**Q** 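Encoded as C-alpha cells, here's the structure I'll be asking about.
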Amino acid sequence: WRSAFRLRSWRRAVGGTETKQKRSPLLCEKGSTIIEMALGSMILFTMVIGAFEICLALYTYNFISEAAREGARYAIVRGSGCTSVTNCNATSAQIQTYVRSLAFGGTAASSNMTVTTIWLSASTTTPTTWTSCGATQCNAPGNAVQVRVAYALPLMLPFRAQNTWNMSSTSQMVIAN
C-alpha cells in the first residue's frame with residue numbers, strides 16, 4: 001500500500017497524471033496483426049503459386065521440344081526404304097499417335113496437343129534448300145521430315161482469369177532409310 005502511495009506521489013511531482021488517458025477507438029491496434037498477416041500471406045502465396053506455374057511452364061516447354069525431336073526421330077527411321085523396324089512408311093497419323101503416347105511425367109494432356117508433320121524434298125541443285133512435297137508424302141531416304149508440336153498450357157494464376165499459353169516446337173531431320 002505504501003509503495004502505491006509513493007508511486008502516485010512521484011507521478012504528481014514530475015508532472016504526470018494519476019488517471020489513465022482515454023484512447024480513441026481509431027488508434028486501437030487490436031486485430032491489426034490479423035490484417036497484416038492476411039495481406040502479407042496473400043502476396044506470399046501469389047508469388048509461390050506463380051513460381052510453381054513458371055516451373056510447370058518450363059517443364060512443359062521442355063517436354064514439347066523433346067516430343068518434337070522424338071516425333072522426327074520416329075519418322076526418319078520409318079521412311080519408304082525401311083526394313084528393320086515395325087510400322088515402316090510412317091504417315092502423319094502414325095507420327096501423331098506416337099507423339100501423343102509419349103506423356104513424359106503426365107503433365108501434357110494429349111487433347112491439348114497438336115502434331116503437324118511436313119515432308120520436304122531436297123533441291124537437286126542445292127541440297128540445303130528444302131521444298132514442301134505438298135499433298136504427297138515423300139518419305140524417301142535423303143528427304144527431310146519436319147514435325148511441329150503445339151500445346152496449349154492452361155495457366156492457373158491467382159486473381160486472374162484462367163487463360164492458356166500456346167507453346168510450340170519444331171524439329172527437322174533428314175530421313176535415313
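Residue numbers run from 1 in the order of the sequence given. Small disclaimer: the values here were computed from a predicted structure and weren't measured.
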**Q** Quick check against the 3.5 Å criterion: does Q94 have a side-chain atom that pairs as donor or acceptor with the backbone of T91?
**A** yes

**Q** Among R69, M113, E66, Q96, which residue meets the side chain to side chain contact (heavy atoms under 4.5 Å, CB included) test with V149?
**A** M113

**Q** Determine the minimum heavy-atom distance between N143 and L120, stating which atoms define it.
**A** CB-O, 3.1 Å

**Q** Can you give me the closest heavy-atom contact between S92 and T117, atom names plus distance?
**A** OG-CB, 3.7 Å

**Q** Any chance you could measure L153, atom CG, to N163, atom CG, to the nearest 0.5 Å?
**A** 10.0 Å

**Q** With rounding to the nearest 0.5 angstrom, report the CD1 to CG distance, I64 to N166.
**A** 11.0 Å

**Q** For T164 and A152, which heavy atoms make the closest approach, and how far apart are they?
**A** CB-CB, 4.4 Å

**Q** If I compare all heavy atoms of A90 with all of Y74, which pair ends up nearest, and what's the gap?
**A** CB-CE2, 4.3 Å

**Q** First locate atom CZ of F63, then atom CG of L102, and finally report the distance between them rounded to the nearest 0.5 Å.
**A** 6.0 Å

**Q** Testing the basics here: between A68 and S169, what is the closest heavy-atom pair and its distance to 0.1 Å?
**A** CB-O, 3.7 Å

**Q** Please tell me whether F52 and W165 are part of a single hydrophobic cluster in this structure, the criterion being side-chain heavy atoms less than 4.5 Å apart.
**A** no

**Q** With a sphere of 6.0 Å drawn around CG of L44, does it hold more than 12 non-hydrogen atoms of other residues, nucleotides or ligands?
**A** yes

**Q** To the closest 0.5 Å, what do you measure between CG (N112) and CZ (R100)?
**A** 9.5 Å

**Q** Measure the CE-CG distance between M37 and L39 for me, rounded to the nearest 0.5 Å.
**A** 11.0 Å

**Q** To check you understand the geometry: which heavy-atom pair defines the closest contact between G79 and I175, and what is its length?
**A** CA-CG2, 3.9 Å

